[in-house]
Amino acid sequence: MPETPACDASATPISDIQGNDWRSPLEEQPATVRGVVTALEPGRGFYLEQAGDRWNGTVSRALFVADDGRLAGVRPGHDLQLSGVVEEAGAERDTMTTLAAVRASAVCAENRELPLTTVELPLDNRSREALEGMRLRIDDDLVVTDTYSLYRGAVTLSAGAALRIPTEDARPGAQASELGRRNRQQALAAQFPGPDVPPLPAGTALGSLTGVMGHDGRRQRLLAEQSLAVDVRLPERLPPAPAGSLRVVNSNLLNFFNGDGRGGGFPTERGAETPAEFRAQQARTAAAFAEIKPDLLAVQELENDGFDRHSAAATLRDLLGDATGARYAVIEPATPRIGEDVITVGLFYRPDRLRPVGPAQVLTAAEFRGISRQPLAQVFETVADGERFLVVVNHLKSKGSCPDEGPDRAQGDGQGCWNPSRTAAVRAQLPWLQGLAADAATDRILIVGDMNAWRLEDPIRAFRAAGLIDVVEARQGLPLHSYRYFGQGGTLDYAFASPALAEHVRDARNWHINADWPRNMDLPQPWLRMSDHDPVIVDLDFRHSSSSD
């Protein structure tokens, strides 16, 4: 047991131990401190804050006390005098000033009022360092912006609105970098207590928040005092396609892998780990498409194992039929597989609504070998009236696995790595599509897919420079999003139409059933979180054109 020091013994102010730099000036030295316990972290320790003078805005008045279990009975409101050794705990670049190896402790008073400092976002790194360990009221209209770890009670908040990807709203370069800096200052990681955390979507408003600016060994996090008690708001239900229209849908499936197609072959290379996990994925996917009811479905992240009855493509085709009550067929090119990647793109359609015209085409140019997935194109005619159009589905190179050298390395402009390769893939397919459309005697072209590029980045600008129209933007306006990356919303999934086809777009939207919603949680509808990308939905009506509306 620790010794019991006298409460009137001399103590070093906690603010002196913190100092005004990133690490304590008294690191690895013995110290005696006195303060009020503000929060407990069972199994780790507790937070102690210096009472008295108000925070001066530059130096923290609190620290963490590491407890190996010897300081039993400590609770918030205890006024403690402690002797131990000053340490910096956590990652090298973001540490928490800590009193460890406590050898003496005394409870000098109980039920003391807990210190409280009111602050507002944004907060830069220096300000956050000066607040570490302190009990705070974040006096903002806080909004959930990142739900990735909500199932563990961890969430990222921001002030006023959910954060957005810098290059979604600003051109790459200095302006995007400035937005990125502001985002970092606006974001606040928080941990909520209790096992019953509701499955809140991004964008949920929480108001102000009180807690201690703690640390989990990697980064700061606000240890919220109140539990999450907010009503879960569902997205609007998707309206049915207008009578006489054709519903075209693009959907990233988040690695739809069916093992060997016979119930075995798990874990798969990129998808489900077990048959039960795949059944759960199928159930979510079926529920979503039962709501959407596509006439033509373009997909990404489909297992690239061909088209026989055991393939992932066949499994998805049958799932679509069971979910919607309609019959579906899959477009099969002349090759056994589309490209050499483990995932591929695909096209599925209702034969009672559409018929293919001519063979499917796959672009195998150098820009699609080992980089972006090879695009799949097909000309269709409507069964009802023979209206013809060309559809191509894309999945451009992601921003991951960055090279250290060469033009595809990250340039620091906000576009990430592989940007030249994504842009080259767009430019390579445009003349190919023009040729396919001309051969089919149509000027109606629809380009859909996961482009792995945000709205103002070079690949998307290349589509627009070619005269193509982002039909979701044209119909819904801005801002838009279809994906969330580290709590920042932006658009990766698109539908671009030639002017001749854009005239027949009756409606176009991103249906927010995936990107905003947390993983690993029981959600209030079975069609939520079937993927991490939101589906893009385009309703075409060849009986009318926008020019005649």
Side-chain angles (χ1 to χ4, degrees), residues 234-254 256 279-302 312-331 345-356 376 378 380-385 387 389 391 393 446 448-450 471-472 475-476 482 493-495 497 501 504-517 523-544:
L234 291 173
E236 293 183 1
R237 296 296 284 264
L238 184 69
S245 67
L246 187 75
R247 175 155 286 180
V248 182
V249 177
N250 183 79
S251 179
N252 183 309
L253 300 174
L254 187 56
F256 191 92
R279 286 193 296 271
Q281 182 182 12
Q282 285 181 288
R284 293 191 302 272
T285 304
F289 288 130
E291 292 285 319
I292 298 172
K293 297 180 174 60
D295 296 310
L296 173 60
L297 173 64
V299 301
Q300 299 84 46
E301 295 195 15
L302 177 69
T315 297
L316 181 59
R317 178 200 61 207
D318 295 343
L319 178 151
L320 288 167
D322 293 341
T324 65
R327 187 172 74 87
Y328 285 82
V330 57
I331 291 296
V345 298
L347 286 170
F348 300 79
Y349 68 99
R350 285 180 52 173
D352 62 328
R353 305 298 309 278
L354 290 167
R355 54 176 169 259
L376 172 67
Q378 178 66 59
F380 287 99
E381 278 184 352
T382 58
V383 171
D385 43 27
E387 298 286 354
F389 63 104
V391 175
V393 53
L446 183 64
V448 297
D450 172 3
V471 295
V472 177
R475 283 287 170 174
Q476 303 297 328
S482 69
D493 308 271
Y494 298 86
L501 184 64
H504 299 284
V505 174
R506 186 81 171 269
D507 189 25
R509 66 181 68 201
N510 300 329
W511 191 28
H512 298 306
I513 61 170
N514 295 329
D516 294 343
W517 290 86
L523 300 176
Q525 287 291 343
W527 36 266
L528 291 170
R529 194 68 186 187
M530 56 81 72
S531 175
D532 52 351
H533 293 244
D534 290 325
V536 181
I537 296 159
V538 180
D539 292 331
L540 299 174
D541 189 344
F542 291 109
R543 302 168 305 167
H544 301 90

- Item | Within-4.5 Å side-chain heavy-atom neighbours: Asp507 and Pro242 | no
- For residues Val248 and Leu446, report the shortest heavy-atom separation together with the two atoms involved. CG1-CD2, 3.7 Å
- CG-CG distance between Leu297 and Leu316, expressed to the nearest 0.5 angstrom: 6.5 Å
- If you look at every heavy atom in Ala323 and Ala290, which pair is closest and at what distance? O-CB, 3.5 Å
- Looking only at heavy atoms, the pair that brings Gln378 and Pro356 closest together is NE2-CB, 3.6 Å
- Query: At what distance, to the nearest 0.5 angstrom, does CZ of Phe256 lie from CE of Met530?
  - Reply: 9.0 Å
- Item | Value rounded to 0.5 Å, distance of CG in Leu320 from OG1 in Thr315 | 11.0 Å
- Item | Pairwise side-chain contact, Ser482 with Asp450, heavy-atom cut-off 4.5 Å (strictly under) | no
- Query: Can you check side-chain contact (heavy atoms from CB on, under 4.5 Å) on Lys293 and Arg350, steps first, answer last?
  - Reply: CA-CA 10 Å; Lys293 297 180 174 60; Arg350 285 180 52 173; 5.9 Å; no
- Task: With the side chain counted from C-beta on, respond yes when Gln300 and Asn250 share a heavy-atom pair under 4.5 Å apart, and no when they do not.
- Result: yes
- In terms of heavy-atom contacts, Val249 and Pro294 come closest through CG2-CB, 3.7 Å
- Message: Applying side-chain contact (heavy atoms from CB on, under 4.5 Å) to Leu319 and Asp322, what does each step give before you reach the verdict?
- Response: CA-CA 5 Å; Leu319 178 151; Asp322 293 341; 5.8 Å; no
- Task: Start with the C-alpha gap between Arg247 and Asp295, add the side-chain angles, then the distance that decides, and say whether side-chain contact (heavy atoms from CB on, under 4.5 Å) holds.
- Result: CA-CA 5 Å; Arg247 175 155 286 180; Asp295 296 310; 3.8 Å; yes
- Query: If you measure from CG on Asp532 to CG on Asp516, what distance do you get to the nearest 0.5 Å?
  - Reply: 12.0 Å
- Task: Check step by step if side-chain contact (heavy atoms from CB on, under 4.5 Å) holds for Arg509 and Leu238.
- Result: CA-CA 10 Å; Arg509 66 181 68 201; Leu238 184 69; 3.7 Å; yes
- Query: Within a strict 4.5 Å, meaning less than it, do heavy atoms of the Asp352 and Arg327 side chains meet?
  - Reply: no
- Can you tell me if Arg506 uses its side chain to pair, donor with acceptor, with the backbone of Asp539 under 3.5 Å? no
- Query: Which heavy-atom pair separates Phe348 from Ala313 by the least distance, and what is that distance?
  - Reply: CE2-O, 3.3 Å
- Query: So, Gln525 side chain and Ile513 main chain: donor-acceptor pair closer than 3.5 Å or not?
  - Reply: no
- Would you check if Val391 and Phe389 make a side-chain contact, meaning some heavy-atom pair closer than 4.5 Å? yes
- Note on the structure: CZ (Arg284) and CD (Gln281) are apart, to the nearest 0.5 Å, by 6.0 Å
- Is Val471 close to Leu501 at the side-chain level, that is, under 4.5 Å between some pair of heavy atoms? no
- Does any non-hydrogen side-chain atom of Leu246 lie less than 4.5 Å from one of Leu296? no
- Task: Can you label the angle between the Trp511 ring and the Trp527 ring as parallel, tilted or perpendicular, going by 30° and 60°?
- Result: parallel
- So do Asp493 and Asp534 actually touch side chain to side chain, heavy atoms under 4.5 Å? no
- Hey, is the main chain of Arg237 close enough, under 3.5 Å, to the side chain of Glu291 for a donor-acceptor pair? no
- So OH of Tyr349 and CG of Leu354: to nearest 0.5 Å the spacing works out to 8.5 Å
- Message: Can you give me the closest heavy-atom contact between Asp541 and Ser245, atom names plus distance?
- Response: CB-CB, 4.3 Å
